[in-house]
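The sequence lines fix the lettering, A, B, ..., with proteins before strands; numbering per chain opens at 1. All values reported here derive from a predicted model rather than from experimental measurement.
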There are 2 protein chains.
Amino acid sequence: MKKYLHVLKKCPLFSDIEEEDLLRMLVCLGAKTEYFDKKYTVFQEGSPAKYIGIVLSGSVQIIQVDFDGNRSILGEVTASEVFAEAFACAEVSALPVSVIVNEPGEIMLINCSHILHTCSNNCGFHQQLIFNLMKDLALKTIFFHQRIEITSKRTTREKLMAYLHLQAKKANSLSFEIPFDRQELADFLEVERSGLSSEIGKLKKEGVIQAEKKRFTLLCGD
Amino acid sequence: MKKYLHVLKKCPLFSDIEEEDLLRMLVCLGAKTEYFDKKYTVFQEGSPAKYIGIVLSGSVQIIQVDFDGNRSILGEVTASEVFAEAFACAEVSALPVSVIVNEPGEIMLINCSHILHTCSNNCGFHQQLIFNLMKDLALKTIFFHQRIEITSKRTTREKLMAYLHLQAKKANSLSFEIPFDRQELADFLEVERSGLSSEIGKLKKEGVIQAEKKRFTLLCGD
DNA sequence: AAATATCTGTTGAAATTTCAACAAAAGGAG
DNA sequence: CTCCTTTTGTTGAAATTTCAACAGATATTT
């Protein structure tokens, strides 16, 4: 556990909680850590939500698959980030998403009811923990708004450009890497892979962007 | 304020808070109530988020308008429901959405920092309030997942049917009213109004649904 | 009650996406 | 290094959406 202390300290769930308190708290919360291989299903759509997940290393993807087999990627979660917190908090009986390992690594799982229902020792950090969880949920909602702003565009080109501009803003640079390959990007933008590929090709020809594998560069300053 | 007590008691923000405590708390929080006319902009996209809104009567819509003028409707908020809580909690400096009055009515506004930062009297309900706010945020996230499940469909027909099935499930009946007119429904589903209209026409002809103004009935039991 | 504004359904042409299929390129395993 | 798998770009045809425009129906206002 100590190995990942620097990761946990960056986790929004543990903001403003001291190192020694954090370690004790994790014991109190019954946190457990597991290693998962690539493509492993950490949480299966339809199963009850009890655990909050924290990525310690590697990464996971949040995905939704409808009955026609169409995959939507809701997001990519990397080290020190939290996932499934909303479902665990709301205590839903059937997860609307699956969580799949993208890059193998270790994941910490915490039974959410241990967070929500103050422990018997009534430790003071507990209030801070709940406060942090709330902030995190608020930020997740904002993330969804950004995603909707992108996917609500009507054409592949507009969706792609909206996404790239947002990534550039996040990276604070016109050049940046995205966490998706082409198929995954298509599933995130809710478009067809082949159409996306050809659109990327056109934008490159037009001199609007550079694109080499996962690295994109916006050439126009707008 | 007393006039809307029954509405406030149903508000998820005030679950498990006694009537007398609630009234005192509202004073403590500096809650203020205002009447708004139809089409009035309660919150303007781009302005800082400070207040949580609670609809006491009438309804509001949460909308996003991109620079091309395309409108997306994120949701409809009716009596005893909360809005803008995520942005207020996250203390964002620029709202990504506007809130527009649909049916005129009264709205209660509460400065979110009064909720987040425990008051000097440190009243016990405050912890309950924060807990409730967290639950509410979790449910909002789930709502967004449902919306994504609908809008991620590729055709107008699929989006419409996914939406109608969800509404039927919520209403617990195959017949129900939706809160949108045709243009608004199109802006919620992220499709073209004319295409939506013709799709509704086809579904009626095929005997899959009945549709009369805002009342829809699913004729197939699936 | 008439006049005005808003909402709805329809149309056909243009633009775009989807779909299926294939080949080149890149990556990984032995 | 070679074989095998995965990823990516390309294509053209079919399906769907978008767009603009209009007319009938429904509300709202005066």
> Which listed nucleotide (C:dT8, D:dT17, C:dT18) is nearest to the side chain of B:Thr155?
Replying inline: D:dT17

>> Rounded to whole Å, how long is the line connecting atom CG of B:Asp181 with atom C1' of C:dA5?
In response: 14 Å

> Rounded to whole angstroms, how far apart are CD on B:Glu158 and C1' on C:dC19?
Replying inline: 14 Å

> At what distance, to the nearest 0.5 angstrom, does CD of A:Glu34 lie from CE of A:Met108?
Replying inline: 11.5 Å

> Counting any heavy atom closer than 4.0 Å, what does A:Ser194 reach on the DNA or RNA strands: base, sugar-phosphate only, or nothing?
Replying inline: base

> Over how many whole Å does the gap from A:Arg182 atom CZ to D:dT6 atom P extend?
Replying inline: 19 Å

> Starting at NZ of A:Lys159 and ending at P of D:dT18, how long is that distance when rounded to a whole Å?
Replying inline: 9 Å

>> Whether B:Lys202 contacts C:dG9 is assessed here as follows: a side-chain N or O lying under 4.0 Å from the phosphate OP1 or OP2. Is that the case?
In response: no

> Rounded to whole angstrom units, what separation is found between the NZ atom of B:Lys39 and the C1' atom of C:dT6?
Replying inline: 9 Å

> For B:Leu196 and D:dT18, what is the distance between atoms CG and C1' respectively, to the nearest whole Å?
Replying inline: 13 Å

>> Any side-chain to backbone donor/acceptor pair from B:Lys38 onto B:Glu103? Under 3.5 Å, distance only.
In response: no

>> Could you tell me how far apart B:Arg193 (CZ) and C:dC7 (P) are, to the nearest whole angstrom?
In response: 10 Å

> Quick check: does any side chain N or O of B:Ser98 sit under 3.5 Å from a backbone N or O of B:Glu45, one acting as donor and the other as acceptor?
Replying inline: yes

> For the pair made of NZ in A:Lys38 and C1' in D:dT5, what is the distance, rounded to whole Å?
Replying inline: 13 Å

>> Taking the minimum atom-to-atom distance to the side chain of B:Glu192, which one of C:dC19, D:dT10, D:dC19 wins?
In response: D:dC19

>> Starting the side chain at C-beta, find the nucleotide from C:dC19, D:dA27, D:dG9 nearest to A:Ser197.
In response: D:dG9

>> Between B:Thr156 and D:dT17, is there a contact of a side-chain N or O with OP1 or OP2 at under 4.0 Å?
In response: yes

>> Is it the case that the ring center of A:Phe43 lies less than 6.0 angstrom away from the ring center of A:Phe87?
In response: no

>> Under a 3.5 Å distance rule, please check whether B:Arg157 uses its side chain to pair with a backbone N or O of B:Leu196 as donor and acceptor.
In response: no

> On DNA chain C, nearest-nucleotide positions of A:Glu212 versus A:Val191: which is more 5'?
Replying inline: A:Val191

>> Does A:Arg154 reach a base, just sugar-phosphate, or nothing at all? Heavy atoms under 4.0 Å.
In response: sugar-phosphate

> Which comes earlier along DNA chain C counting from the 5' end, the contact point of B:Lys205 or that of A:Gly195, where each point is its nearest nucleotide?
Replying inline: B:Lys205

